[in-house]
Number of protein chains: 2
Amino acid sequence: MGTKGDNNRTRIVEAADQLFYKRGYNQTSFSDIADITGIPRGNFYYYFKTKDDILAAVVEARVKHYAEALLECENSSERPRERLLAFIDIMGSSEDTVVESGCPIGSLCAELAKDTDALQSKSREVFELLRDWMGKQFGEIGFADANDKAMDLLARMQGTAVIACTFKDNDYLNRSIGDLKSWVNSLTLS
Amino acid sequence: MGTKGDNNRTRIVEAADQLFYKRGYNQTSFSDIADITGIPRGNFYYYFKTKDDILAAVVEARVKHYAEALLECENSSERPRERLLAFIDIMGSSEDTVVESGCPIGSLCAELAKDTDALQSKSREVFELLRDWMGKQFGEIGFADANDKAMDLLARMQGTAVIACTFKDNDYLNRSIGDLKSWVNSLTLS
DNA sequence: ACATTAGTCATACGACCGTCTAATATTTCA
DNA sequence: TGAAATATTAGACGGTCGTATGACTAATGT
């Protein structure tokens, strides 16, 4: 079970998660994490062999977090279309942080696309989770091109986040979220 | 005039431009630029006081580059709608690099959104150029909400780039570019 | 009670970072 | 031609990075 060790490990992952989001992976140092958690820099090696291992733990934590969020969306309605709307609303409820630092998932993927392939494919896992879930919802609605629709929705949410963050524009973010929901509602089976 | 000096300065900016795109700003070191250009690290200080100054020069070069590209789009047709289509096609012609490293403008802004305000607002300048130009085109078509439309197009292009790059998916990129052009063509004055 | 493991800590390593300087080479043009 | 301005160079500065180690304490099982 391990009471203290797992606790420290969790605290490192949580602090890293926040820092990777606010400052980026490459701009987050072991010292930064040490300062926040109070856990000495040298102790990290006991829990993680490399910085990449911390990233892997953070990604796994995020996958778990979003899997739960998707489950909530799934339970929020019988109708897949409304489940998708519920997911879009998650971005709206994180309005301020999205404007400040962008999408936690997208900004990490964009950063690590310029690093090694290993980091890149690891960070992609969260997106794959979302894509597959969205594809499932569009499929249940009855779209033959459900996966394409999922990619489109993912892309439009990402674009919204990038532009809202770049221009520090809350109004745009909210308007765009509204447009996105209208779009999902307006889609008709051909 | 200065033949040699300006030449070196230009070569530094060009190499930095490429590296900022392929590896990111923070992950590009003076040594990297020195290796590519053959210009000693120590010489950089003669041309640029700080790394931020190099970024400023790169952004200015990009503004100039895209201003010329926009002029070409503007000359390509009398009709603003077709000018917008011409601009969208630029992304298609950079297909491989977009899939590899994302949008040069968007990925830089996304990275520097997590740095200082000074770097962030500097990197934003290229986006502002594009936004204003798009707004002008939509305005000429006759849209009352021309600026909103500009932000939407910008966002959808960014989302397309992020997703295509994350999933390394050329097919998605091309399909999405086609969808974007269809969308611009389908917009009607309300 | 003792041996083993789990957890903690300070510290050091070599590498690289952005920055800066002092010395040298080259060009300019009175 | 020769002084002044411009351009170039190697190298060092202080700092931080990710990584690694060895000594220490607390907890655990027998």
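Protein chains get the first letters and strands the later ones, always in sequence-line order, with residue 1 at the start of each.
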To the nearest 0.5 Å, what is the distance between CZ on Phe138(B) and CH2 on Trp133(B)? 9.5 Å
Would you kindly give the CZ-to-C1' distance between Phe48(A) and dC17(D), to the nearest whole Å? 19 Å
Check the distance between dA27(D)'s P and Asn7(A)'s CG and give it to me in whole angstrom. 14 Å
For Asp169(B) and Met151(A), what are the C-alpha separation, side-chain angles and deciding distance, and is it a side chain to side chain contact (heavy atoms under 4.5 Å, CB included)? CA-CA 11 Å; Asp169(B) 191 336; Met151(A) 293 284 272; 3.9 Å; yes
Hey, does the side chain of Ser76(A) reach the backbone of Cys73(A) with a donor-acceptor pair shorter than 3.5 angstrom? yes
Each nucleotide N or O in nucleotides 19-26 of chain D that has a protein N or O under 3.5 Å away: list the pair and distance.
from    : atom 1 : to       : atom 2 : distance (Å)
dT19(D) : OP2    : Lys51(A) : N      : 2.8
dA20(D) : OP2    : Tyr45(A) : OH     : 3.4

Ile39(A) atom CD1 is separated from dA10(C) atom C1', nearest whole Å, by 16 Å
For the pair made of CG in Asn26(A) and C1' in dT16(D), what is the distance, rounded to whole Å? 15 Å
Here the distance between atom C1' of dG18(D) and atom CD of Gln27(A), to the nearest Å, is 14 Å
Interatomic distance, Met134(A) atom CE to Leu154(A) atom CG [nearest 0.5 angstrom]: 5.0 Å
First of Tyr25(A) and Pro40(B) reached from the 5' end of DNA chain D, by closest nucleotide: Pro40(B)
Starting from C1' on dC9(C), measure out to CG on Asn8(A) and report it in whole angstrom. 12 Å
It should be established whether Tyr47(A) places a side-chain nitrogen or oxygen under 4.0 Å from OP1 or OP2 of nucleotide dA6(C). no
Nucleotide dT6(D), atom P - distance to CZ of Arg9(B) in whole Å: 15 Å
Inter-residue atom distance Tyr21(B).OH - Ile105(B).CD1, 0.5 Å rounding: 9.5 Å
Output yes when a side-chain donor or acceptor of Ser93(B) lies under 3.5 Å from a complementary backbone atom of Ile90(B), and no otherwise. yes
Is Ser31(B) near enough to dC16(C) that one of its side-chain N or O atoms lies under 4.0 angstrom from OP1 or OP2? no
Check whether any side-chain nitrogen or oxygen of Ser29(B) sits under 4.0 Å from OP1 or OP2 of dC16(C), and answer yes or no. no
Using 30° and 60° as the class boundaries, would you call the ring planes of Phe127(B) and Phe167(A) parallel, tilted or perpendicular? tilted
